Amino acid sequence: MKPSIPKGTRDFSPVEMNRRNYIFDTIKKVFQKYGYQQIETPSMENLETLTGKYGDEGDKLLFKILNSGPVVDQINKSETDIKLNEISEKGLRYDLTVPFARYVVMHQHEITFPFKRYQIQPVWRADRPQKGRYREFYQCDVDVIGSDSLLNEVELIQIIDEVFTRLGMEVTIKINNRKLLAGLCEVIGEMDKFTDIVTAIDKFDKVGSNGVKQELYDKGINKQSIEKVLEFIKISKFDIIVIKGLKELMKDSEIGLKGVEELETLFIDYLVPLKLFPKTILDGTLARGLNYYTGAIIEVKANNVSMGSICGGGRYDDLTGIFGLPNVSGVGISFGADRIYDVLNELGKFPDFKNDSTQLLFVNFGKEEETFCLNLVSKVRAEGINSELYPDHTKLKKQFAYADDKKIPFVAVIGEEEMKTNTVTLKDMASGEQFKNLTIDEVIKRFK
RNA sequence: GUAGAUGUAGCUCAGUUGGUUAGAGCAUUAGAUUGUGGUUCUAAGGGUCGUGGGUUCGAGCCCCAUCAUUUACCCCA
């Protein structure tokens, strides 16, 4: 048979793993610097934990896991209606936030709040793969749960800024607030069409104001309301001075005013003094699909590349409430490691990784030399030098080619002559230089 | 779920209005060099042209179906 892997999944070869680890390590270091602690949760969750948290589209994209047992065995023969929960009661996690909320509720008695955690694990979505979209991909989540303070939002933005600075990427950070969007819907008296309106507004960057107009019209929004929505879009993009205008627009909506107030505090009190303002912009058209966001929403896009968002998140006031722990607010963001990889790759921004695998290869001449070398390899390894002995006694040409291919910088040649004198001939692969009559200790010294 | 594009060697791709035995580069293996890689030279292996059907004297090329991959929409990291 021809081997293959499922659609939207990938193998990662050594070169790719070097690069991926560079991204993970960078992100991890920053997370730890701000005091976040790592957790992991299982790949699969109970289906009831996952369903209903991501909107209708999200539910469709859940990977479900078939039960094992007699019911499933019978499916082939049976023609009766089978209920989903009889054949599947587990699913692969769709993101890391919902499992985290579940974790917090289950472990509430051992957690000290506010709890700052990070989590780097794969998630799965039964989506159609395309550019920057995979069915299995890694998210790097940081969340603070159990604190309402806007300082948490600020900290997340600082983390975003630091991560992408370290990775050498130019990005645009956009902020909005769900309360503002809720306020808008309240003001125009279309609260029940919240999702429709918000998804229409979200498309502004793509389709422009005429496109938004059309979509709102198609959804049955009246003309007057549409004008108000467009006015909102106009004043809520790009500039901080519009706060006044937003207040005026939201004056009849308590939740809307709360949203404006939060954004005002965030920008005026924190982001501007921290010089994070022009980097971070207010964008009233930012919506984000996930259902559970209630306050700030954040999205990061890479500049100069066509790629969806590479980082996103927001505040969720009642995600733990679903699992029985109300009144615990959390805020968090998620870095999309695979998309960051694609962007860095496209821009050629990966640094050269110096080879930290094998430093020294012992050539294998034959039975006697093998045994002789085995001791030397152990000795070298005991000194913390990564080294290996070529496993077969093939032609030297092949062994040197192996070293070359694997970018091993030094080769130790120990044949009859060297065994007699108990010395090593060391070849520097980069220069081609050879050093004869070295003792093994002298060889070790060269690596220190 | 909707729409388009593409399937030829391990990889990237040529292949003329349909015409004999389907090519190149890279990669692989072997040799030039029996204790020496990266450069160079020589040679070799590797293909039911995605699959099935049709048109034709003749199909990698045209038609239909099907599968796979991929891009866009929707939604998202």
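Everything numeric here is computed off the predicted structure, so don't read it as measured data.
- Side-chain contact check for Lys174(A) versus Val300(A): every heavy-atom pair is 4.5 Å or farther apart.
- For Lys203(A), a side-chain nitrogen or oxygen approaches OP1 or OP2 of rC75(B) to under 4.0 Å.
- The pair Asp342(A)-Lys131(A) does not meet the salt-bridge criterion, since no charged nitrogen lies less than 4.0 angstrom from a carboxylate oxygen.
- At the heavy-atom level, Ala401(A) lies under 4.0 Å from the strands shown only through sugar-phosphate atoms.
- Looking at heavy-atom distances under 4.0 Å, Tyr134(A) makes contact with a base.
- Using a 4.0 Å heavy-atom criterion, one finds that Ala337(A) contacts no nucleic acid atom at all.
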Stepwise ring-ring contact (aromatic ring centres under 6.0 Å, His included) check, Tyr36(A) with Tyr118(A): CA-CA 6 Å; Tyr36(A) 291 78; Tyr118(A) 75 91; 7.7 Å; no
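- Counting non-hydrogen atoms under 4.0 angstrom, Lys7(A) reaches the backbone sugars and phosphates but no base.
- Rounded to a whole Å, the NZ atom of Lys131(A) is 14 Å from the P atom of rU70(B).
- Contact between the side-chain N/O atoms of Lys206(A) and the OP1/OP2 oxygens of rC74(B) is found at a separation under 4.0 Å.
- Comparing rC13(B) with rA77(B), their P atoms sit 31 Å apart, to the nearest whole Å.
- Checking Lys395(A) against Glu433(A), the closest nucleotide of RNA chain B that is more toward the 5' end is the one next to Lys395(A).
- Comparing rG45(B) with rC63(B), their C1' atoms are spaced 37 Å from each other, to the whole Å.
- To the nearest angstrom, P of rU70(B) lies 13 Å from CG of Asp342(A).
- Nucleotide rU2(B) forms a pair with rA72(B), judged by Watson-Crick or G-U wobble geometry with both contacts under 3.5 Å.
- The side chain of Gln130(A) approaches rU71(B) more closely than any other nucleotide in the set rU71(B), rG37(B), rA77(B).
- Of the candidates rC74(B), rA77(B), rG37(B), rG37(B) carries the atom nearest the Asp404(A) side chain, counting heavy atoms from C-beta on.
- With a 3.5 Å ceiling on both atom-pair distances, the Watson-Crick or G-U wobble partner of rU51(B) is rA65(B).
- Here the C1' atom of nucleotide rC75(B) and the CZ atom of Arg125(A) are 9 Å apart, to the nearest Å.
- Taking atom P in both rU51(B) and rC75(B), one finds a spacing of 39 Å when rounded to whole Å.
- Under the Watson-Crick and G-U wobble criteria, each requiring two contacts below 3.5 Å, nucleotide rG19(B) is paired to rC57(B).
- Pairing partner, rA44(B): rU28(B), with both Watson-Crick or wobble hydrogen-bond distances short of 3.5 Å.
- One can place CG of Asp143(A) at 13 Å from P of rA77(B), the figure rounded to the nearest angstrom.
- No engagement by Lys301(A) is indicated, since no non-hydrogen atom pair under 4.0 Å with the nucleic acid exists.
- Of the candidates rU71(B), rC75(B), rG37(B), rC75(B) carries the atom nearest the Asp127(A) side chain, counting heavy atoms from C-beta on.
- Nucleic acid contact class of Gln434(A) (heavy atoms, under 4.0 Å, all strands): base.
- Rounded to an integer number of Å, the gap from Lys397(A) NZ to rG31(B) P is 8 Å.
- Using a 4.0 Å heavy-atom cutoff across all strands shown, Lys427(A) reaches at least one base atom of the nucleic acid.
- rG18(B) and rA32(B) are spaced 49 Å apart, taking the P atom of each and rounding to whole Å.
- Looking at Glu418(A), its side chain comes within 3.5 Å of the base of rG35(B) through a donor and an acceptor atom.
- When the C1' atom is used for both rU48(B) and rA44(B), the distance is 23 Å, rounded to whole Å.
- Ser329(A) places no side-chain N or O within 3.5 Å of a backbone atom of Ser147(A) that could act as its donor or acceptor partner.
- Residue Arg133(A) places no side-chain atom within donor-acceptor reach of the base of rA77(B), judged by atom type and a 3.5 Å distance cut-off alone.
- Distance, Leu62(A) CG to rC75(B) C1': 13 Å, rounded to whole Å.
- Comparing the P positions of rC61(B) and rU8(B) gives an interatomic distance of 13 Å, to the nearest angstrom.
- In this structure, Phe137(A) counts as stacked on the base of rA77(B) under the 5.5 Å centre distance and 30° plane angle limits.
- In this structure the side chain of Leu376(A) reaches within 4.5 angstrom of the side chain of Ile414(A), judged on heavy atoms.
- At a threshold of 4.0 angstrom between heavy atoms, the contacts of Cys140(A) with the nucleic acid are absent.
- Both Glu215(A) and Pro6(A) lie near RNA chain B, and the one whose nearest nucleotide falls closer to the 5' end is Pro6(A).
- Candidate nucleotides rC75(B), rG1(B), rA77(B) were compared by shortest atom distance to the side chain of Arg128(A), and rG1(B) ranks first.
- Remark: C1' of rU36(B) and NZ of Lys436(A) are 11 Å apart, rounded to the nearest angstrom.
- Salt bridge present: Arg117(A) and Asp141(A) bring a charged side-chain N and a carboxylate O closer than 4.0 Å.
- As judged by a 4.0 angstrom heavy-atom cut-off over every strand, Gly58(A) is placed among residues making no nucleic acid contact.
- The side-chain heavy atoms of Asp192(A) and Glu190(A), taken from C-beta on, include a pair separated by under 4.5 Å.
- The line from NZ of Lys179(A) to CG of Leu184(A) is 16.0 Å long, rounded to the nearest 0.5 Å.
- Annotation: rU39(B) and rU21(B) have their C1' atoms spaced 36 Å apart (nearest Å).
- For Tyr390(A) and Phe362(A), the distance between ring centers is not under 6.0 angstrom.
- One finds no side-chain N or O of Lys60(A) lying less than 4.0 angstrom from the OP1 or OP2 phosphate oxygen of rG1(B).
- The CZ atom of Arg135(A) sits 13 Å away from the C1' atom of rU69(B) (whole-angstrom rounding).
- Taking atom C1' in both rA22(B) and rC49(B), one finds a spacing of 8 Å when rounded to whole Å.
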